[in-house]
There are 4 protein chains.
Amino acid sequence: MNGKSKILFAAKKVISEHGTNRATVRAIAEEAGMSTGAIYHYYKNKEEIFYDLLDESLSDSIRIAKGIKNHVENKEKIKRDVIQKTKERFYKDAENRLQHHFAHEILSGNMDLKQKLKEKYKQWNLGIEEILVNLYGLEDTPLNKALSSWLLGAVDGVILQYLLEVNDNKVEDMMKIFELLIDKGLPEFIQLINAMENKKSQGT
Amino acid sequence: MNGKSKILFAAKKVISEHGTNRATVRAIAEEAGMSTGAIYHYYKNKEEIFYDLLDESLSDSIRIAKGIKNHVENKEKIKRDVIQKTKERFYKDAENRLQHHFAHEILSGNMDLKQKLKEKYKQWNLGIEEILVNLYGLEDTPLNKALSSWLLGAVDGVILQYLLEVNDNKVEDMMKIFELLIDKGLPEFIQLINAMENKKSQGT
Amino acid sequence: MNGKSKILFAAKKVISEHGTNRATVRAIAEEAGMSTGAIYHYYKNKEEIFYDLLDESLSDSIRIAKGIKNHVENKEKIKRDVIQKTKERFYKDAENRLQHHFAHEILSGNMDLKQKLKEKYKQWNLGIEEILVNLYGLEDTPLNKALSSWLLGAVDGVILQYLLEVNDNKVEDMMKIFELLIDKGLPEFIQLINAMENKKSQGT
Amino acid sequence: MNGKSKILFAAKKVISEHGTNRATVRAIAEEAGMSTGAIYHYYKNKEEIFYDLLDESLSDSIRIAKGIKNHVENKEKIKRDVIQKTKERFYKDAENRLQHHFAHEILSGNMDLKQKLKEKYKQWNLGIEEILVNLYGLEDTPLNKALSSWLLGAVDGVILQYLLEVNDNKVEDMMKIFELLIDKGLPEFIQLINAMENKKSQGT
DNA sequence: CATGAATGAGGATTCATTCAT
DNA sequence: CATGAATGAATCCTCATTCAT
């Protein structure tokens, strides 16, 4: 394992064990078994480590979204994939904490980061939308875009509940609801949306 | 306005404007128009300020939840209330930021705050559950609890998207989806849940 | 003696004893008999301490220049003053080192500082020019401006020699030359300049 | 170009462009196209690089001084040479910066460098004195030594003004004054000095 | 000869908290 | 009650130098 990987691995561990705030350079260096100075041989900034980590994580997500999208032939497989990847997110503690950390940085006024994250987020959102298109034949309407934002938001919101330890439900129970939503809830709900859109356009 | 209120008010302003990180005791004292030393006459700790602030903020939320819950007699009115209150949350920027920063504080290892949030969150969650019970005749099963967590999480998640400015949808579009969910989507989805629960218990 | 003065005094001492580079915040704090943190109660930056010091020193110079200029009636007194103040500069080790430090900062690319210093320097230069006007009836020509820059530069250059300890002459000998220059050398030299200017304009 | 030359060349470039502070071993190595470790094959110390560099730079200056001194026979030619070489110095930005940064290094406590500068400066000063002797028949008195220090200092001081961009005069105007000084001002001034010396010795 | 990873001491800065007045 | 000066530990970061490969 080379320097950068060692650092990233250590950072991930420290973050998931003690949170972003206590993930000091010294702590990461110690965990990685090197000196603080060595860290700066590989990374210019502490934030760059974090950013690399987030990038890795978001790139994964985007890659997954794109990967899922590709086997159009088999809807059932896509659904299983979506469910599986969502479930995995619940257990990626370091990544989830990191995502929160960046949100916090942005809300604290870090404009550069905001721009970076925005781009990544948009790609991600598009990935999800495409999945919905493939799965449910969704059209590219404002309401459908809103729906995919709700879905993304729901997952993020629930993950935050788990991070904060205010959600006492078993992950399995949460996932059962999610599965039911993907399998049956969404198809029906999308019909409702389409019905509404049609009514609206007829009325106009 | 007495000392504590002045401090809480100042803290709320500082945090929602500049985040928890920059909400130093000095900054709060300055905003409150007093000296740093004076703060410690009213509060033993910086943490206690945050504690009180979270208390206040959550109590507000719970009051709203309870406010909704009270008129059990009229389901349609409850629905309108839920939708109205949800919509209002989207525009309460300062409160939303505050809540995010508390989340950050908790994720940074502030255990007292976590405990407080946990208690309050439980009450809040219960409030939402009761609303669901009243609206849709929900039973007190693990899956139904999970559902209400998803609902809460979704709203929080979407609000975070707006805070981060990564959600380009109009609030109206987001709310249309939410309305449709409350009015038609959830009743149908809850039937699906119940069907699944029954199937499972029959199978056992 | 209040906080700022204590710090400025300590900084001056440390700088003249060990140079700007070794004038660390810790060293200054120690010399001032306070903790490093205390320094930041009075100054936002280490550089601000230095800047205050330079400001003090330049303001002195400017005030002196203006002060000298004012008693127009007595040329002999002005000369004695100029000589006296120049001599004093040779012994202001801390200020001289500081001036070099800022020059160095500017040459290292600190553009903000450059602007600040430029203004101060211009004021100072003007002060000197006015003295020359009063003493020798100098006219406001490019050549006369050049002359005053040479005078300023000469003093700065010689002071640097002393700082670097490459000038083995006694200060008294250096000052004798300076006195002779002020008393007799400059009047004659200025006549030469004027003669040249006139020849030039006649030739045109 | 061999190793040492490559390093010296790179160091000269880095220092004159970014100053001594940013002339880290890494930066020099990068500029020289080698690794940091390689530097230490040629030089034991970072200081030794600076030492060599100063040596080279001062040797250049001394060579110039000696070059001027050699044709004793023709005073007019010497004057033109002095003026020409002085003028050239104004345009040697990189060398001037380099020299300033060495001054800074010395003021930062680099004692070896100080010693080197002292020796070289003495030689240099002697060169100037000899020129004055040749040109104006100067005697080897303390006051005449002081005069030559003032001349050297003046040029250095004015060059620093140009480096700092606080001197708005045209170089031509500055040089006109210098020429006038060399041609007419100094002969007269030296007479004044001699007169004073004689008066003093008569008085004793 | 060359590489570049690693060290570790040292620097500036921040901030919750205390305490004499 | 109030002030604000002072503390000191913790944080990020830099860089000359060493050394295994």
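Numbers restart at 1 for each chain; the letters A, B, ... are given by sequence-line order, proteins then strands.
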*asked:* Determine whether Asp55(C) and Lys120(C) satisfy the following criterion, side-chain contact (heavy atoms from CB on, under 4.5 Å), listing intermediate values before the conclusion.
replied: CA-CA 8 Å; Asp55(C) 202 45; Lys120(C) 290 271 171 195; 2.6 Å; yes
*Show the numbers, then the answer: is there a side-chain contact (heavy atoms from CB on, under 4.5 Å) between Thr20(D) and His100(D)?*
CA-CA 9 Å; Thr20(D) 304; His100(D) 169 83; over 6 Å; no
*Taking atom C1' of dC1(E) as reference, at what distance in whole Å does atom NZ of Lys4(D) sit?*
15 Å
*Check the distance between dA16(F)'s C1' and Asn110(D)'s CG and give it to me in whole angstrom.*
14 Å
*Calculate the interatomic distance between Lys6(D) atom NZ and dC1(E) atom P; express it in whole Å.*
11 Å
Solution key, residues 36-52 of chain B side-chain donor-acceptor pairs under 3.5 Å, sequence neighbours excluded:
unit_1   : atom_1 : unit_2   : atom_2 : d
Tyr43(B) : OH     : Asp52(B) : OD2    : 2.7
Lys46(B) : NZ     : Ala23(B) : O      : 3.4

*asked:* Both Tyr42(A) and Ile39(D) contact DNA chain E. Taking the nearest nucleotide for each, which residue is further toward the 5' end?
replied: Ile39(D)
_With a 4.0 Å cutoff (strictly under), does any side-chain N or O of Asn45(A) reach OP1 or OP2 of dC13(F)?_
yes
*Given the rule in the side-chain contact (heavy atoms from CB on, under 4.5 Å) test, do Leu117(D) and Leu164(C) qualify, once you have shown the distances and angles that lead to the verdict?*
CA-CA 9 Å; Leu117(D) 184 69; Leu164(C) 296 173; 4.0 Å; yes
_Toward the 5' end of DNA chain F, by each residue's nearest nucleotide, Lys46(A) or Glu47(D)_ = Lys46(A)
*By side-chain hydrogen bond (donor to acceptor under 3.5 Å, both in side chains) - contacts of Thr24(A) (at least two apart)*: none
*Can any side-chain N or O of Ser57(C) pair as donor or acceptor with the backbone N or O of Leu53(C) at less than 3.5 Å?*
no
*Just how far, in rounded Å, is P of dC15(E) from CZ of Phe50(B)?*
12 Å
_Test side-chain contact (heavy atoms from CB on, under 4.5 Å) applied to Asp93(C) and Leu163(C), step by step_ = CA-CA 8 Å; Asp93(C) 199 66; Leu163(C) 282 182; 3.6 Å; yes
Please list, pair by pair, any protein nitrogen or oxygen found under 3.5 Å from a nitrogen or oxygen in nucleotides 8-10 of chain F.
none

*Please report, rounded to the nearest Å, how far the C1' atom of dT14(E) is from the NE2 atom of His18(B).*
17 Å
*Map Arg22(A) and His41(C) onto DNA chain F by nearest heavy atom, then report which one ends up closer to the 5' terminus.*
His41(C)
*Does Val25(C) or Gly33(A) map to a spot on DNA chain E nearer the 5' end, using the closest nucleotide for each?*
Gly33(A)
*Distance, rounded to the nearest Å, where Met34(D) contributes CE and dA2(E) contributes P*: 7 Å
Contacts under 3.5 angstrom, residues 6-19 of chain B side chains, donor-acceptor by atom type, not counting sequence neighbours:
unit_1   : atom_1 : unit_2   : atom_2 : d
Lys12(B) : NZ     : Glu56(B) : OE2    : 2.9
Lys13(B) : NZ     : Glu31(B) : OE2    : 3.3
Ser16(B) : OG     : Lys12(B) : O      : 3.1
Ser16(B) : OG     : Lys13(B) : O      : 3.3

*Just checking Tyr40(B): base, sugar-phosphate only, or nothing, at a heavy-atom cut-off of under 4.0 Å?*
base
*Between dT11(F) (C1') and Ile28(A) (CD1): distance, integer Å*: 12 Å
_Duplex segments of DNA chain E, taken as runs of at least three Watson-Crick or G-U pairs that stay under 3.5 Å_ = E:2-21 with F:2-21
*Could you tell me which non-hydrogen atom of Leu58(B) sits nearest to which non-hydrogen atom of Lys116(B), and how far apart they are?*
CD1-O, 4.5 Å
*Determine the contact category for Tyr43(C): base if any of its heavy atoms lies under 4.0 Å from a base atom, sugar-phosphate if only primed atoms, P, OP1 or OP2 are that close, otherwise nothing.*
nothing
Can you give each donor-acceptor pair under 3.5 Å made by side-chain atoms of residues 103-112 of chain D, sequence neighbours left out, with the distance rounded to 0.1 Å?
unit_1    : atom_1 : unit_2    : atom_2 : d
His104(D) : NE2    : His104(C) : NE2    : 3.2
Ser108(D) : OG     : Asn21(C)  : ND2    : 2.7
Ser108(D) : OG     : His104(D) : O      : 2.9
Asn110(D) : OD1    : Leu113(D) : N      : 3.2

_Interatomic distance where CG belongs to Asn21(D) and P belongs to dG11(E) [whole Å]_ = 14 Å
